[in-house]
Novice: 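Starting off with a structure, shown below.
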Amino acid sequence: MTRPLILDLVMGGRMDRRIERTRTAVVEAAVALAARGAPAVGMTEIATAAGVSRKAVYENFGSRDEVLRSATEWLLRDAVPSVEPAGTRETTVWVAVLAPVVAHMTSHRDYYRNVLSGPAGAAARDAVVDHAVAGLRAERARRNESGADGVGRMVGGVGTVARDGAVAAVQCRRDRFAVHGLVGLVADALLQRSDADLGGLFRELTEGLSTLAPGG
């Protein structure tokens with residue numbers, strides 16, 4: 001006898017909710033363990049802290065790197081760009097997007113200090129970089145800009161914004177390069193001093209970002 005479609009839908013919904021609960025429990029456990037000073041925390045420890053089986057962790061994430069990347073992405077939900085009123089340009093795109101990211105890393109400094117120095121450091125760093133680069137792209141689109149703050153400009157004439165795909169790809173690579181360097185310096189500062197002034201470091205570093213230009 002064929003099972004009714006409505007039963008499949010209900011069971012599918014329950015399964016989705018169960019998976020979501022499992023994934024949330026795992027990332028919350030990973031964040032708590034890492035923040036307490038366990039950069040090399042293992043899958044068994046994560047599973048125990050999350051109250052799920054080790055098999056469930058592997059089925060949902062596959063590896064410790066993926067757990068900590070997902071945990072970092074989950075934490076980054078509160079790192080949103082500072083939105084200015086329409087028509088104003090007092091804050092550069094770089095500051096609007098990256099200042100909240102640095103403030104977020106300051107708020108979770110123990111987590112980032114431990115994770116970025118551990119075996120899954122590259123995965124967590126990539127999550128921060130991806131978040132920031134996506135934020136830069138979205139904020140430029142919100143401001144109706146293809147290039148901003150001197151980055152991605154000067155193609156096709158002074159003050160002209162290039163909109164073709166090739167230039168957009170170059171801009172994305174440039175963004176990744178700059179953000180990756182910023183996150184690396186923040187990580188180094190945290191490793192040297194747990195109470196490092198990340199906001200001050202960010203302000204010092206971003207003074208030169210507005211001078212960046214293709215070929216410059």
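Note that these values count all heavy atoms, side chains included, but never hydrogens, waters or copies made by symmetry.
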Novice: Mark yes or no for whether Arg137, through its side chain, and Ala132, through its backbone, hold a donor-acceptor pair below 3.5 Å.
Specialist: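 Looks like no, no N/O pair under 3.5 Å.
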
Novice: With a 4.0 Å cut-off on N to O distance, would you call Glu20 and Arg23 a salt bridge?
Specialist: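 No, no charged N to carboxylate O under 4.0 Å.
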
Novice: Check whether the side chains of Tyr58 and Ser63 place a donor and an acceptor atom closer than 3.5 Å, and report yes or no.
Specialist: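 No donor-acceptor contact under 3.5 Å links the two side chains.
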
Novice: Side chains of Leu136 and Val179: closer than 4.5 Å at any heavy-atom pair?
Specialist: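 Sidechains of Val179 and Leu136: in contact.
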
Novice: Given side-chain contact (heavy atoms from CB on, under 4.5 Å), test Leu205 with Trp94 step by step and report yes or no.
Specialist: CA-CA 11 Å; Leu205 293 173; Trp94 285 95; over 6 Å; no

Novice: For the residue pair Ala71 and Tyr111, what are the closest heavy atoms and their distance?
Specialist: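 Taking every non-hydrogen atom into account, CB-OH, 3.6 Å.
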
Novice: What's the separation between atom CE in Met105 and atom CG in Leu190, rounded to the nearest 0.5 Å?
Specialist: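 Atom-to-atom, Met105:CE and Leu190:CG are 6.5 Å apart.
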
Novice: I'd like to check the ring-ring contact (aromatic ring centres under 6.0 Å, His included) partners of Tyr112; sequence neighbours left out, ordered by chain and number.
Specialist: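 Checked Tyr112 against ring-ring contact (aromatic ring centres under 6.0 Å, His included); matches are His104.
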
Novice: Sub-3.5 Å donor-acceptor pair from the side chain of Arg140 to the main-chain atoms of Val93, do we have one?
Specialist: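 Judged by distance alone, no pair lies under 3.5 Å.
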
Novice: Side-chain contact, heavy-atom cut-off 4.5 Å: Asp78 with His108?
Specialist: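 Counting from C-beta outward, Asp78 and His108 do come under 4.5 Å.
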
Novice: Could you list the residues that satisfy side-chain hydrogen bond (donor to acceptor under 3.5 Å, both in side chains) with Arg77, not counting sequence neighbours?
Specialist: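 Testing Arg77 for side-chain hydrogen bond (donor to acceptor under 3.5 Å, both in side chains), a comparison that skips the adjacent residues, returns none.
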
Novice: Can Asn60 and Val26 be said to form a side-chain contact (heavy atoms from CB on, under 4.5 Å), step by step?
Specialist: CA-CA 9 Å; Asn60 281 275; Val26 170; over 6 Å; no

Novice: If every non-hydrogen atom of Val102 is compared with every non-hydrogen atom of Gly199, which pair is closest and at what distance?
Specialist: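 The pair with the smallest heavy-atom distance is CG1-N, 4.2 Å.
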
Novice: How long is the span from the OG1 atom in Thr22 to the CZ atom in Arg17, to the nearest 0.5 Å?
Specialist: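 So the gap between those two atoms works out to 13.0 Å.
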
Novice: Would you give the length of the straight line joining atom CG of Leu201 to atom CG of Leu182, rounded to the nearest 0.5 angstrom?
Specialist: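 Here the interatomic distance stands at 7.0 Å.
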
Novice: Taking all atoms of both residues into account, what is the closest heavy-atom pair of Val57 and Ala47, and its distance?
Specialist: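 Minimum heavy-atom contact is CG2-CB, 3.7 Å.
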
Novice: Does any N or O in the side chain of Thr24 come within less than 3.5 Å of the main-chain N or O of Arg21, such that one atom is a donor and the other an acceptor?
Specialist: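 Answer holds: no.
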
Novice: Using salt bridge (Lys or Arg N to Asp or Glu O under 4.0 Å) as the criterion, list what pairs up with Glu59, not counting sequence neighbours.
Specialist: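 So Glu59 forms a salt bridge (Lys or Arg N to Asp or Glu O under 4.0 Å) with Lys55.
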
Novice: I'd like to check the side-chain hydrogen bond (donor to acceptor under 3.5 Å, both in side chains) partners of Thr48; sequence neighbours left out, ordered by chain and number.
Specialist: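 By the side-chain hydrogen bond (donor to acceptor under 3.5 Å, both in side chains) rule, Thr48 matches no residue at all.
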
Novice: Compare all side-chain heavy atoms of Val80 with those of Pro100 and state whether any distance is below 4.5 angstrom.
Specialist: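 No, their side chains stay 4.5 Å or more apart.
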
Novice: Which atom pair, heavy atoms only, marks the closest approach of Leu76 to Ala127?
Specialist: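 For Leu76 versus Ala127, the nearest heavy atoms are CD1-O, 3.7 Å.
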
Novice: Enter the distance from Glu45:CD to Arg64:CZ here, rounded to the nearest 0.5 Å.
Specialist: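 The CZ atom of Arg64 is 9.5 Å from CD of Glu45, to the nearest 0.5 Å.
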
Novice: Would you say that Phe202 contacts Val101 through its side chain, given a criterion of any heavy-atom pair below 4.5 Å between the two side chains?
Specialist: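 SC-SC contact between Phe202 and Val101 ruled out.
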
Novice: Please find the pair of heavy atoms, one from Asp110 and one from Ala35, that lie closest to each other, and give the distance.
Specialist: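 Minimum heavy-atom contact is CB-O, 3.5 Å.
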
Novice: Is the shortest side-chain N to carboxylate O distance from Asp195 to Arg113 below 4.0 Å?
Specialist: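 No.
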
Novice: On a heavy-atom basis, which atom in Ala196 and which in Ala189 lie closest, and how many Å separate them?
Specialist: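 Nearest pair, atom of Ala196 first, then Ala189: CB-O, 3.5 Å.
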
Novice: Mind checking side-chain hydrogen bond (donor to acceptor under 3.5 Å, both in side chains) for Asp130 and listing every partner two or more places apart, or none if nothing turns up?
Specialist: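 Asp130 satisfies side-chain hydrogen bond (donor to acceptor under 3.5 Å, both in side chains) with Arg69, Arg176 once adjacent residues are dropped.
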
Novice: When rounded to the nearest 0.5 angstrom, what is the spacing between OG in Ser117 and CG in Asp188?
Specialist: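 Those atoms lie 11.0 Å apart.
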
Novice: Mind checking what makes side-chain hydrogen bond (donor to acceptor under 3.5 Å, both in side chains) contact with His131, not counting sequence neighbours?
Specialist: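 side-chain hydrogen bond (donor to acceptor under 3.5 Å, both in side chains) list for His131, sorted by chain: empty.
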
Novice: Using side-chain heavy atoms (C-beta onward) and a distance below 4.5 Å, is Arg203 in contact with Asp197?
Specialist: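 Sidechains of Asp197 and Arg203: in contact.
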
